[in-house]
Amino acid sequence: MTRRIISLLLENESGALSRVAGLFSARGYNIESLTVAPTEDASLSRMTIVTRGSAEVLEQIIKQLNKLVDVVKVTDLSEGPHIERELAMVKLRAVGESREEYKRLTDIFRGHIVDVTDTTYTVELTGTGEKIDAFIDAAGEKGILEVVRTGACGISRSERSLTV
Amino acid sequence: MKLSGAQIVVQFLKDQGVDYVFGYPGGAVLHIYDALFGQEDIKHVLVRHEQGAVHAADGYARSTGKCGVALVTSGPGATNAVTGIATAYMDSIPMVVITGQVATAYIGSDAFQEVDAVGITRPCVKHNFLVKNLKDLPGTLRKAFHIATTGRPGPVVVDIPKDITDPTIKIDYTYPTDVSMRSYNPVVKGHWGQIKKALELILDAKRPMLYTGGGVVLSNSSAELTEFTRALGYPITQTLMGLGTYPATDKQFVGMLGMHGTYEANMAMHECDVLIAIGARFDDRVTGKLSSFCPAAKIVHIDIDPSSISKNVRVDIPIVGDVREVLREMLQMLKAESRRPDAGALQLWWQQIAEWRGRNCLAFDRKSQLIKPQAVIETLYKVTRGEAFVTSDVGQHQMWAAQYYKFDQPRRWINSGGLGTMGFGLPAAIGVQLANPDATVACVTGEGSIQMCIQELSTAMQYRTPVKIINLNNRYLGMVRQWQEFFYEGRYSMSYVDALPDFVKLAEAYGHVGMRVEKPADLEAAMTEAFALKDRVVFVDIITDQTENVYPMIAAGKGHHEMHLAPERELA
């Protein structure tokens, strides 16, 4: 079971997202995360899916995605060098000593405090999924009020591009 | 030409060359039905249930290779069509299903007869569309036919809200001849290098085996397959979906393979050293236990759908492309090639196969006082001189028809292989008969299956489609009973069908001819009489041996070499 990050371009049509999501549920493939938004070309959406599976399952996932009529292009970013980012917002209970502690922790993880109240901080954090996991671990279960994550999006390094 | 949406639907179908539409009217498609009224280019066949419409369109498509077309209303019209759509999807049948939808302003409001047809059908279509603007209608219909009929074919649903077909709103219409989609470009030509590599492996074989499926039917490559197989002199087996693309009466044909395949076909699969899979998808009913599938074989696989390749079984040389294109290329290469198959090895291989054939796995008791279902199919074959279109339902009768009717031509054997839909046979036969008005059409069925779409007897009357219904009546859901006998210690839970109708009277009530046959001695005469009634539907209700089982059989999850033959044919 290896982790893969798959990137695809699909027609920006209503229902296109559910075709992809439906494919994963109908065929029993895992989705760890899925993000989607339009690209610079308004007729196309770009989707990033993080999944896990054996080599055979991953080969099938790519083939099945390619088979969907709304899917224009598919690439497995994990096949080459790539950059992966996820954004998280974490609301922390920040009172007493922990107020200073969370401020330091946020700096260490190069996050930003984007909202402050007498009792809370909301921290914005960008990075790989691992980095966000590490921040959440470090913040500790007791201090966390709420976590929201976007799921990963990714892009390949260098000239290699996913375009039509 | 200024046309309303409803008129565009009808004009488009004419321009697309559609001659038959199978359907059922209702609120959301009334504008379209009004546009159909009074024109004669498109013949509309009114079924009795939307499932029947889709199966009839399916039978039309399977027997002709053309795209089937069905037209149903929103809500229950669409949901009733789903079984038919899924049936076509599993067997890759080209079909366009137009479903009515509530007006766009009502979508999402739980309006009367509203259902999310695009959502419900999504997992069982090749693609589907919801038409949101009138101006998109011609292009969408064009795309639907293009997608349905190219690449690996399949059903496409076009959901049209009622306001789109409003007769008062008209736009300019021209038939869109060009269709291009950046996201849909099926590969047709196979990779030359892969074909070359495959041919080398094929010529190296000592114990070769051809395993071919429905893809050969769909790509119309029966002639190429036959030439290729004969040029090589190799044994060939076919899946349930592939029957007829290589003549079953030829000596190189070793019968169907799989769960109810012949002993020789399955043993040859198990022992072969090179497997040449063509337009087949390694279905579980064919492969049996995957870990003991063709253990000694290198595998070549030709298929137009890349996702079929290495899906269930890892293959050594994949070739993605249209079966006909690839076979033509391979035949050319073979002609240019000086090497020929290893005659010595092949002779030994055929000797081995002859030995397996000697087990005579399809023999049955011909002296029985009861009518044996196998004998019914043999008689059917004899009476129709092997030339009939045979549709079937699902169960024991389907397997016997596949085993005992020797199909020498493609598109003659019409059954729901993938989905296994009971109720398919009769409406499909109606579609086949309309597409082939002069042909003999038989529907092999059972008393369980036939009752799942029995209402279409009425359609058969209205359109005078003289199909012959061969009902293997054993008063059991036979395949269920067989599994209960083998795997549930004879606990026949809900498989006995009590309170059956009198099928003779039932047929007569619909205006047809009904016949009952109870003795083996009467079988041939009755069947001859039935088929002599050229212009009538004849329901031949045949009372068969209740305890007969389909053999050979590979239990689910077992390998090809672990077949069971009929008890009297098992070696002591």
Original post:
Just wondering, are more than 12 heavy atoms of other shown residues or ligands nearer than 6.0 Å to CG in A:D118?
Top reply: no
Original post:
Looking at A:L68, A:L44, A:L9, which one has more heavy-atom pairs under 4.5 Å with chain B than the rest?
Top reply: A:L44
**OP:** Check whether A:V69 gets within reach of chain B through its side chain, its backbone, both or neither, counting any heavy atom under 4.5 Å.
**Re:** both
**OP:** Measure distances from A:V164 to the heavy atoms of chain B and classify the residue's part below 4.5 Å as side chain, backbone, both or neither.
**Re:** side chain
Subject >> Contact origin within B:R122 toward chain A - heavy atom pairs under 4.5 Å >> reply: side chain
Original post:
So what's closer than 4.5 Å to chain A heavy atoms on B:L130: side chain, backbone, both or neither?
Top reply: neither
**OP:** Give a yes or no on this: more than 12 heavy atoms of other residues, nucleotides or ligands lie within 6.0 Å of atom CZ of A:R160.
**Re:** yes
Subject >> Heavy-atom neighbours of B:Y106 OH exceed 12 at 6.0 Å >> reply: no
Original post:
So how far is it from B:N312 CG to A:Q60 CD, rounded to the nearest 0.5 Å?
Top reply: 8.0 Å
Original post:
Got a second to check how far B:K311's NZ is from A:R27's CZ, nearest 0.5 Å?
Top reply: 6.0 Å
Subject >> OG-CG distance between B:S183 and A:L10, expressed to the nearest 0.5 angstrom >> reply: 9.0 Å
**OP:** Kindly check if the number of other-residue, nucleotide or ligand heavy atoms within 6.0 Å of CD1 (A:I155) is above 12?
**Re:** no
Original post:
Which bit of A:S25 is near chain B, if near means a heavy-atom gap under 4.5 Å: side chain, backbone, both or neither?
Top reply: neither
**OP:** Please state whether the side chain, the backbone, both or neither of B:N128 comes within less than 4.5 Å of a heavy atom of chain A.
**Re:** both
**OP:** Could you tell me whether B:N185 atom CG has more than 12 heavy atoms of other residues or ligands within 6.0 Å of it?
**Re:** yes
Subject >> Pairwise distance NZ(A:K67) to OG(B:S308) - rounded to 0.5 angstrom >> reply: 6.0 Å
**OP:** Drop me the distance from B:H127's NE2 to A:D70's CG, to the nearest 0.5 angstrom.
**Re:** 4.5 Å
Original post:
Do A:S14 and B:K132 have side-chain atoms, one donor and one acceptor, less than 3.5 Å apart?
Top reply: yes
Original post:
Looking at A:K63 and B:I309, what are the two nearest heavy atoms and their distance?
Top reply: NZ-O, 2.7 Å
Original post:
Measuring heavy-atom distances to chain B, does A:E13 have an atom under 4.5 Å in its side chain, in its backbone, in both, or in neither?
Top reply: neither
